[in-house]
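A, B, ... follow the sequence lines: proteins, then strands. Residue 1 opens every chain.
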Protein chains: 2
Amino acid sequence: MPPRTALKRQVNRLPPERRISDIMAAAKEVFVEKGYNDALITDIALRAGVVEGSIYRFFANKRELLVKVVEHWFEEMLRDDAEQFAAVRGSWNQIRFIIYTHLTSIHRDPALSRLMFQEIRPAPDYRGSHLFELNRAYTNRLVDVVKAGIASGELRPETSPSLVRDLVFGCIEHRTWAFLRGEGDFDPAEMADAITNLVHHGLALGGEPASPMESVVARLETATARLEAAAGIAPEKPSPRRS
Amino acid sequence: MPPRTALKRQVNRLPPERRISDIMAAAKEVFVEKGYNDALITDIALRAGVVEGSIYRFFANKRELLVKVVEHWFEEMLRDDAEQFAAVRGSWNQIRFIIYTHLTSIHRDPALSRLMFQEIRPAPDYRGSHLFELNRAYTNRLVDVVKAGIASGELRPETSPSLVRDLVFGCIEHRTWAFLRGEGDFDPAEMADAITNLVHHGLALGGEPASPMESVVARLETATARLEAAAGIAPEKPSPRRS
DNA sequence: CGATAGTGATGAATGGTATTTATTAGCGCT
DNA sequence: AGCGCTAATAAATACCATTCATCACTATCG
């Protein structure tokens, strides 16, 4: 006869929401510390006070767990930013704000940012995922700002808003890779100013060649071309211009 | 007595260089087809006409094999580009050339580009690796162009060359991620023009001299924008221009 | 109040894959 | 002809994600 008390296995029964949030909290810890590949389900289970098999009751697999963890972080971040953003006026300030808050997020949560860039975004099913939608909403704020800036005459009418989006977010990512690998540090405010200014003015000196009238006329032409197009009049054949 | 001929194991002896290049060729194929994680050593060995264990005679592990494969590709690419680049004159053209050739590489070898971006660059030992040095040489051409442009008075003196580097390469990467995931296509020449122009001029209108006409035109543009808005027309697709 | 169905939780398999190791085969050298 | 050196092999090992058969708690019903 087996010694009952010694064999009896311990079971800790909890409401599902609690279990799920425990597991997600543990998973976040481990993913942040070890990265996706080196994170062990065993380790996550241990820290969540649960056995490996239990994790699979709530999450289909390791990757789904990762996605849920990053989603949770991203949603929280979006909520925090959104209200502050609403108060900022002027296209330079708005662009600067978006860049600054993004840099701040990377600076605060480098490991989670990395997971987003390295593990989530390259996945073939990324487009179509919830995180894709969240990220889209996040970056579209910049697209909207650029569109508004063009409409109000603050920004060059011929700029592509989506290209500006890629320019800004791409630049931020590229410039923070060293930090994300754990090399050195950066100052979000300082970097935000530098990027905003560069994007705003570009590289070219002074800009307008020969006559200052040149660009002024070109802009008028652009404006009238839009009106023509809008009115359905001879839309094509905009006069080519030299910058 | 065992049937000698049946038991005798086949051994195919070859000079090491040949074996190494066979293995690397097979590895390149498999990594390109499957990505790093889903590439199997077994599969690579099979295609190289070799048994798994043999791979470990020449490469310490799977990751080193990956690094060697990507290094080989990158070195070849650098050689091809370098001579052409030497012939290009003028900062706009040089910047455009660098952007164009980089886009072309991504367009030609999306899978290898992905491996570089996703697997190699984020690794903690990337800085200090040979690929880091290669990539540094590659991107520094742009830094040098910007420095030269500043020295010659073509570009704004206060721009940070390294920031321009991050702006350009970051933008390219961000804009090509969808393509790298296998979604759609892009035209390197067209994209190169768009990026080069945007980087050159930035977003801001005219800027510098604040001619008296400036504010007048801005007001006219605002007026037309209002007209457009009133007419319920989306001002997408403004007149395309080339500089 | 006691039996029992339903379900959360368990821990021991299973399966796949990188890496190691012990053994064998071919080649050059004397 | 034998001997040693190294390429090459095939089997063994180790590590993990994932699955599965079983158990234990709780609430419901007779």
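Look at CG on N61(B): it is 18 Å from P on dT17(C), rounded to the nearest Å. Taking atom NZ on K34(B) and atom C1' on dT17(C), their separation rounds to 13 Å, with Å as the unit. Across the protein-nucleic acid pair, L14(B) atom CG and dT6(D) atom C1' stand 14 Å apart, rounded to whole Å. Rounded to whole angstrom, the span from the CD1 atom of I41(A) across to the C1' atom of dT10(C) amounts to 16 Å. Y36(A) has its OH atom 14 Å from the P atom of dC16(D), to the nearest Å. Atoms CZ (R63(A)) and P (dT18(D)) sit 10 Å apart, rounded to a whole Å. Distance E64(B) CD to dA18(C) P: 16 Å, rounded to the nearest Å. Rounded to an integer number of Å, the gap from I55(B) CD1 to dT17(C) P is 15 Å.
Among dC16(D), dA8(D), dA18(C), the nucleotide with an atom closest to any side-chain atom of S54(B) is dA8(D). Distance from the side chain of Y56(A) is smallest to dT19(D) among dT9(D), dT19(D), dA9(C). Across dT9(D), dT10(C), dT18(D), the shortest atom-to-atom separation from the side chain of V51(A) is found for dT10(C). Residue F58(A) places its side chain closer to dA9(C) than to any other of dG11(C), dA9(C), dA10(D).
One distance of note links CG of N61(B) with CD1 of I55(B); it measures 11.5 Å at 0.5 Å rounding.
Within the structure, every side-chain polar atom (N or O) of R13(A) is placed at least 4.0 Å from both OP1 and OP2 of dG8(C). Under 4.0 angstrom from either OP1 or OP2 of dA8(D) there lies at least one side-chain N or O belonging to R19(B).
At least one cation-pi condition fails for R121(B) and F132(B): the charged atom is not both under 6.0 angstrom from the six-membered ring centre and inside a 45 degree cone around its axis.
A39(B) comes within contact range of the sugar-phosphate backbone alone, with a heavy-atom separation under 4.0 Å but no base atom that close.
At a threshold of 4.0 Å, the pair E33(B)-R47(B) counts as salt-bridged, since one of the basic side-chain nitrogens sits closer than that to a carboxylate oxygen. Between R114(B) and E119(B), no side-chain nitrogen of the basic residue sits less than 4.0 Å from a carboxylate oxygen of the acidic one, so the salt-bridge criterion is not met.
Side chains of H107(B) and D187(B): a donor-acceptor N/O pair is absent below 3.5 angstrom, by distance only.
Judged by closest nucleotide on DNA chain D, E52(A) is the one of E52(A) and R57(A) placed further toward the 5' end.
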